[in-house]
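Worksheet for the structure shown next.
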Amino acid sequence: MKYVIASDIHGSAKYCRLLIEAFKRENADKLLLLGDILYHGPRNPLPEEYSPKDVAEMLSAIKEKIICVRGNCDADVDLMVLDFPVNVSAVISADGLDLYLEHGHKETPPLRGGSVYITGHTHVPLKETDGYVHLNPGSVSLPKEGSKNGYILYENRKFVFKDIYGEQYDCFERDCERIAVKRAPILRRKIVKRKR
């Protein structure tokens, strides 16, 4: 299976359109969305081409391809206009890996060693290991700390970090024996403290 993994669209029609173009260009099976779909949130600036209605329509057009988890900015009223289920969390088994999807604004759930925990929320790409793998694609529309508007492409136990135009800037591979960085890491190791 091939997945495009993205987070934090925050109502940007421009970046939603670019994400859907990337999804089609990558010829992925599913688009895994990690929350904060429509609303920009009180701490964020308005993203380019802020239009939650257009974002809802664009995503509804590919609803059968979407697996989505709920973010801290996803209100009940937002969920009423999205034409696909939005869950608190999701677990996907792919190529012998368990991928745990959450937005990342709550405490980390208990995870087994070897699990892959994928979150959004911080708007900063992340890859770290501490008994399990923790990845974050950053934000599609409002990247922070100098990071790129981007997503992660998953295929065959390999996670490729790409900017919104498809240019690879980092890579992370999970094999049966160990975790190996295939290129010099560009992403900073960042410990994210979560509040309840």
* Any chance you could measure M58, atom CE, to K53, atom NZ, to the nearest 0.5 Å? => 11.5 Å
* Structure fact -> Test side chain to side chain donor-acceptor pair (under 3.5 Å), reference H121, set H105, H103, E102, output is H103
* Asked: Are Y15 and L19 linked, directly or through other ILVMFWY residues, by side chains that come within less than 4.5 angstrom of each other?
  -> yes
* Might you work through the side-chain contact (heavy atoms from CB on, under 4.5 Å) test for I92 and L32, ending with a clear yes or no? => CA-CA 10 Å; I92 297 171; L32 310 182; 3.6 Å; yes
* Check the hydrophobic clustering (I, L, V, M, F, W, Y; side-chain heavy atoms under 4.5 Å; chains of links allowed) and say if V55 and V86 are grouped together. => yes
* To do: Establish whether L38 and L46 are linked, either directly or via other cluster members, by ILVMFWY side-chain heavy-atom contacts under 4.5 Å.
  => no
* Asked: Judged by atom type as modelled, is there a donor-acceptor pair below 3.5 Å linking the side chain of D78 to the main-chain atoms of A75?
  -> yes
* K14 NZ to S141 OG distance, which is reported to the nearest 0.5 Å -> 10.5 Å
* Working for side-chain contact (heavy atoms from CB on, under 4.5 Å), residues I118 and V133 -> CA-CA 8 Å; I118 308 173; V133 177; over 6 Å; no
* Structure fact -> Output for pair (L153 CG, I5 CD1), nearest 0.5 Å, gives 8.0 Å
* To do: Keeping the roles fixed (side chain from N149, backbone from V140), state whether a donor-acceptor pair exists under 3.5 Å.
  => yes
* After noting the C-alpha distance and the side-chain angles of H134 and T119, does the key distance pass the side chain to side chain donor-acceptor pair (under 3.5 Å) rule? -> CA-CA 8 Å; H134 186 183; T119 63; 2.8 Å; yes
* Derivation and outcome, ring pair (Phe, Tyr, Trp, His ring centres under 6.0 Å), residues Y154 and F159 -> CA-CA 5 Å; Y154 169 82; F159 299 87; 4.8 Å; yes
* **Close side-chain approach of P109 and Y117, heavy atoms under 4.5 Å** => yes
* Taking the side chain as every heavy atom from C-beta outward, state whether L59 and I9 have any atom pair closer than 4.5 Å. => yes
* To do: State, to 0.1 Å, how close L99 and A94 come at their nearest heavy-atom pair, and which atoms those are.
  => CD1-CB, 4.4 Å
* Please report the C-alpha distance between D95 and M1 in whole Å, then the side-chain angles of each, then the deciding distance to 0.1 Å, and finally whether the side-chain contact (heavy atoms from CB on, under 4.5 Å) criterion is met. => CA-CA 8 Å; D95 306 311; M1 294 293 282; 5.6 Å; no
* Asked: Would you say the side-chain atoms of S12 pair up with the backbone N or O of E48, donor to acceptor, closer than 3.5 Å?
  -> yes
* Could you please spell out the steps behind the salt bridge (charged side-chain N to carboxylate O under 4.0 Å, His left out) verdict for K127 and D170? => CA-CA 10 Å; K127 64 179 186 179; D170 207 348; 3.0 Å; yes
* Working to the nearest 0.5 Å, report the span between CD1 of I152 and OH of Y3. => 14.0 Å
* Asked: Judged by modelled atom types alone, do T122 and N136 share a side-chain donor-acceptor pair under 3.5 Å?
  -> yes
* Test log, rule side-chain contact (heavy atoms from CB on, under 4.5 Å), inputs K65 and F23 -> CA-CA 10 Å; K65 300 284 189 177; F23 174 71; 3.8 Å; yes
* So do the side chains of V91 and L101 get within less than 4.5 Å of each other, counting heavy atoms only? -> no
* Would you name the heavy atoms of Y39 and C73 that are closest together and state the gap between them? => CB-O, 3.6 Å
* Is there a donor-acceptor pair under 3.5 Å between the side chain of N87 and the backbone N or O of S89? -> no
* Asked: Are any side-chain N or O atoms of K148 and backbone N or O atoms of G138, one a donor and one an acceptor, separated by less than 3.5 Å?
  -> no
* **Between SG on residue C171 and NZ on residue K162, distance to nearest 0.5 Å** => 10.0 Å
* Carboxylate-amine/guanidinium proximity below 4.0 Å for K144 and D8 -> no
* Which heavy-atom pair separates Y151 from A6 by the least distance, and what is that distance? -> CB-CB, 4.2 Å
* Asked: Do V77 and L79 come within less than 4.5 Å of each other through their side chains, counting heavy atoms only?
  -> no
* To do: Indicate yes or no for a side-chain donor-acceptor contact from D98 to the backbone of S115 under 3.5 Å, with no hydrogens or angles considered.
  => no
* **Sidechain N-carboxylate O distance under 4.0 Å for R25, E21** => no
* Any donor-acceptor pair under 3.5 Å linking the side chain of K2 with the backbone of E26? -> yes
* **Heavy-atom donor-acceptor pair, D36 side chain to N72 backbone, under 3.5 Å** => yes
* To do: Give a yes or no on whether E64 atom CD has more than 12 heavy-atom contacts from other residues, nucleotides or ligands under 6.0 Å away.
  => yes
* Any link between I164 and Y169 through a network of hydrophobic side chains (Ile, Leu, Val, Met, Phe, Trp, Tyr) touching at under 4.5 Å? -> no
* So which heavy atom on P137 is nearest to which on F161, and how close? -> CA-CE2, 4.5 Å
* Asked: Side chain of H40, backbone of H10: donor and acceptor closer than 3.5 Å?
  -> no
* Value rounded to 0.5 Å, distance of OG in S147 from CG in L126 -> 11.0 Å
* To do: Without swapping roles, check the side chain of D74 against the backbone of I37 for a donor-acceptor pair under 3.5 Å.
  => yes
